[in-house]
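The analysis underlying the following values was restricted to heavy atoms, covering all of them including side chains, and did not include hydrogens, waters or symmetry mates.
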Amino acid sequence: MSVQIYALIAGVLVFLLTAGLTRRLIPVLRSMKMGQRILEIGPRWHKNKEGTPTMGGISFLLAGTVIPGCMLLFAMRSYPTRDLLGLLLTLLYACANGLVGITDDLTKLRKKQNAGLTPIQKLVLQVALAVAYLVLLRIYGLIDTDMNIPFTSFTIQLGWTYWFFAGVLLVWVVNCANLTDGIDGLCSSVTLIVGLFFTVASLRENLLGSAVSGAALCGASLGFLIYNLHPARVFMGDTGSLYLGALAAGSAFLYGSPLLILVVGIVYALEGVSVMLQVGFFKLTGGKRLFRMAPFHHHLEKCGWSEYRIVGAAVVLSVAAAGLSLVLL
């Protein structure tokens, strides 16, 4: 089969399985009292969401791992094993981050508060997974220490510093995706566009790994979005957002241009930068705030934007970034 057929099958099957699993998972999560706790410092209207089932990301974690994993077995007949290793390692990396999210979500539920693993615990686990992922990619010759500059033919030889920057990029994108999951449908919608970009860009260059991972992102995001649009019937939790962030970042590495995720995933980046600016400004000014609340989507909420408007603006920005990137590549 061609790369196009593999990507199409992966996207469709992940979508169908995610939608089916999520539908069946919602009543199960309700019966197990897996309800989301809402931060007291958050927007007061978010209190209405308290008790909405969380950990719904389990559905697309399973679908997005099992379907592409099975397709790898079929692809081995037509494609060199080395070409498929990158996709396998990326799926394992995303799944491992999802397991960190599951641990975090279960800890929150056990404590009956919106605080699971400590920031240090999560960071240590995420760094360990990023290092393991990069080391395995290097062992199998899937990456080197050259960093491609998006939209140009230039590469920078970073030497040993490549590993530092690559590790920081992976961990940062994963956490930015986590921050983006703050209102109904935002992370799912943005990730859908990111996945669509990597699918189309990879198909143009006949890259099986990133085409299938991008298609899996599309299917997972769209299948879950059916139940996650405002008013959400289920939340993905850290289980889902860490998985999606890792798969999106891994897709950029598979495509061969890691820095592209900062452009195509511009909403992820804005959410992460807004938190960094808020914390830095707060410390430098002795308690003043740059935004009404961070991440930035909460600032927009406090400015009177509806969730529909925020998600719509994020989708428009993501589509613009992805479309421009496809033109410039």
Side-chain angles (χ1 to χ4, degrees), residues 38-46 97 100-101 104 114-127 130 147 149-151 161 164-191 193-194 236 238 241-242 244-246 248-249 252 258-322 324-325:
I38 303 299
L39 284 171
E40 294 293 336
I41 61 173
R44 64 182 183 279
W45 51 89
H46 278 209
N97 273 276
V100 173
D104 190 41
N114 201 315
L117 297 174
T118 66
I120 294 298
Q121 288 173 329
K122 288 176 71 173
L123 183 61
V124 168
L125 290 171
Q126 290 169 348
V127 168
M147 184 67 78
I149 307 302
F151 318 122
T161 59
F164 172 77
F165 285 113
V168 169
L169 180 63
L170 284 168
V171 173
W172 195 66
V173 171
V174 168
N175 282 289
C176 286
N178 184 225
L179 291 172
T180 305
D181 181 37
I183 59 176
D184 299 351
L186 181 58
C187 187
S188 303
S189 299
V190 169
T191 305
I193 307 303
V194 172
M236 66 176 68
D238 285 8
S241 60
L242 296 184
L244 292 180
L259 294 179
L260 257 180
I261 191 62
L262 300 179
V263 181
V264 182
I266 188 171
V267 175
Y268 295 157
L270 288 174
E271 297 281 42
V273 168
S274 71
V275 172
M276 294 169 66
L277 290 175
Q278 183 85 322
V279 173
F281 191 80
F282 186 86
K283 291 182 177 179
L284 288 173
T285 59
K288 295 183 180 179
R289 299 180 185 274
L290 183 61
F291 304 108
R292 293 189 178 184
M293 188 176 178
F296 190 64
H297 61 260
H298 286 324
H299 170 78
L300 294 177
E301 279 190 289
K302 295 236 174 190
C303 289
W305 286 41
S306 69
E307 294 193 34
Y308 287 119
R309 186 181 179 188
I310 295 170
V311 172
V315 168
V316 169
L317 182 58
S318 296
V319 169
L324 184 60
S325 297

Closest contact, heavy atoms only, [X] versus [Y]:
{"X": "Val315", "Y": "Ser189", "result": "CG2-CB, 3.7 Å"}
{"X": "His298", "Y": "Gly182", "result": "CE1-O, 3.9 Å"}
{"X": "Phe281", "Y": "Lys288", "result": "CD2-O, 3.6 Å"}
{"X": "Ala294", "Y": "Ser274", "result": "CB-O, 4.1 Å"}
{"X": "Ala246", "Y": "Asn97", "result": "CB-ND2, 3.6 Å"}
{"X": "Arg292", "Y": "Lys302", "result": "NH1-O, 2.8 Å"}

Subject >> Side-chain donor/acceptor of Gln278 to backbone N/O of Leu290, under 3.5 Å >> reply: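 Yes; at least one donor-acceptor contact below 3.5 Å.
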
Subject >> Pairing residues for Ile120 by the side chain to side chain contact (heavy atoms under 4.5 Å, CB included) criterion, not counting sequence neighbours >> reply: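 Partners of Ile120 by the side chain to side chain contact (heavy atoms under 4.5 Å, CB included) criterion, ordered by chain and then number, come out as Thr118, Val124.
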
Out of curiosity, [X] [atom1] to [Y] [atom2], how far, rounded to the nearest 0.5 Å?
{"X": "Leu125", "Y": "Leu117", "atom1": "CG", "atom2": "CG", "value": "7.0 Å"}
{"X": "Phe151", "Y": "Leu324", "atom1": "CZ", "atom2": "CG", "value": "6.5 Å"}
{"X": "Ser318", "Y": "Leu186", "atom1": "OG", "atom2": "CG", "value": "8.5 Å"}
{"X": "Ile183", "Y": "Glu301", "atom1": "CD1", "atom2": "CD", "value": "5.5 Å"}

Original post:
Given Asp104 and Leu242, is the side-chain contact (heavy atoms from CB on, under 4.5 Å) satisfied, shown in steps?
Top reply: CA-CA 10 Å; Asp104 190 41; Leu242 296 184; 5.7 Å; no

Original post:
Mind checking whether Leu262 and Trp172 have side chains closer than 4.5 Å, heavy atoms only?
Top reply: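 Of all side-chain heavy-atom pairs linking Trp172 with Leu262, at least one is under 4.5 Å.
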
**OP:** Would you mind reporting whether Val171 and Leu123 have side-chain heavy atoms less than 4.5 Å apart?
**Re:**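 Yes, side chains in contact.
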
**OP:** Decide side-chain contact (heavy atoms from CB on, under 4.5 Å) for Asn178 and Gln126; before the verdict, give the C-alpha distance in whole Å, the side-chain angles of both, and the deciding distance to 0.1 Å.
**Re:** CA-CA 12 Å; Asn178 184 225; Gln126 290 169 348; over 6 Å; no

Could you pull out all donor-acceptor pairs under 3.5 Å where a side-chain atom in residues 265-273 meets a protein atom, sequence neighbours excluded?
residue : atom : partner : partner atom : Å
Tyr268  : OH   : Thr191  : OG1          : 2.6
Glu271  : OE1  : Phe296  : N            : 3.0
Glu271  : OE1  : His297  : N            : 3.3
Glu271  : OE1  : His297  : ND1          : 3.4
Glu271  : OE2  : His297  : ND1          : 2.5

